[in-house]
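Each remark here refers to the structure printed beneath this line.
Sequential numbering from 1 along the given sequence is applied to the chain's residues. All ligand and atom numbering here is 1-based and tracks the order in the structure. Treat the numbers as computed from the prediction; the structure is a model and nothing was measured.
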Amino acid sequence: MIQPLHYDSNERPKAYMVQWDIITNEYKDLLQKMFLSLLEASKLKDNDTGEHIERVNDYSRLLSQKLKGKKGYEEVSNDFIDDIGFLAAMHDVGKIGTPDDILNKGGPLDDWEREIMNEHTKNGAYILSTYPKTMAREIALSHHEKWDGSGYPYGIFGEMIPLCARIVCIADVYDALRSKRSYKESFSHEKSVDIMKKGRETHFDPDLLDLFLSIHEEFDSIYSNSQII
Ligand SMILES: [Fe+2]
Ligand SMILES: [Fe+2]
């Protein structure tokens, strides 16, 4: 907002100052509640569990906390950590636009079905276009991009992939490996870590994967604690 600061003798503004609109906690709460409702709607369609998306928030927050203060990660502020701890869960919200017969198909997808499935990234970015933080769109759009450029939807690579999406990618894949899905059994922590190691520099940002490997027991704790309830 721009506001007059000084007036001349004729009451005309002589100078202006720029004031930021303040995003109050009430506004932020309201906004988050609206997007949580959207997330609930998407969960009715997707077979991912509520626990999965909660854990993806937790792993993403954990990785970000460990990055804070490290050289090269200046963008990781307290706000970044708060935001990713809420927005990581939205990574697959675009599946609300994926036809049920493709979403719930038991066997492997045909090429044309795969193409439609992959659109959930773009649909998610579109759905989240009104969220006032770009991180929401970045996560939805780029969480399936891979470090070597072999991911989708655009095949961008390396640091072209937003940091938040590289973080959520590690969180999402780890949890998918641990979880039972229609096409696979749940894997042990050790097997999941071994599989992830093989994706260093191909699937995952190698520095982030190294960070994950240095704190992998904490990932195991997040997963195991969510199974106790
Ligand atoms: Fe996804
Ligand atoms: Fe997921």
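The Fe ion (ligand 2) sits nearest to atom OD1 when only the N, O or S atoms of D172 are considered. Per residue H144, closest N, O or S atom to the Fe ion (ligand 1): atom name NE2.
Atom NZ of K33 sits in a sparse spot, with 12 or fewer heavy atoms from other residues, nucleotides or ligands closer than 6.0 Å.
Ring orientation note: the planes of Y152 and H120 are nearly perpendicular, at an angle over 60° on the 30°/60° scale.
Ring pair Y154/H144: centre-to-centre distance not below 6.0 Å.
Remark: at the Fe ion (ligand 2), atom NE2 from H52 and atom NE2 from H91 enclose 110°, rounded to the nearest 10 degrees.
Here the options are F212, Y174, Y223, the test is ring-ring contact (aromatic ring centres under 6.0 Å, His included), and the partner is Y59; only Y174 passes.
At a cut-off of 2.8 Å, D175 does not coordinate the Fe ion (ligand 2) through any N, O or S atom. Residue contact annotation: D92 places an N/O/S atom under 2.8 Å from the Fe ion (ligand 1).
Taking the ring centre of F187 as origin, the terminal cationic atom of K191 falls inside the region bounded by 6.0 Å and 45° from the ring axis.
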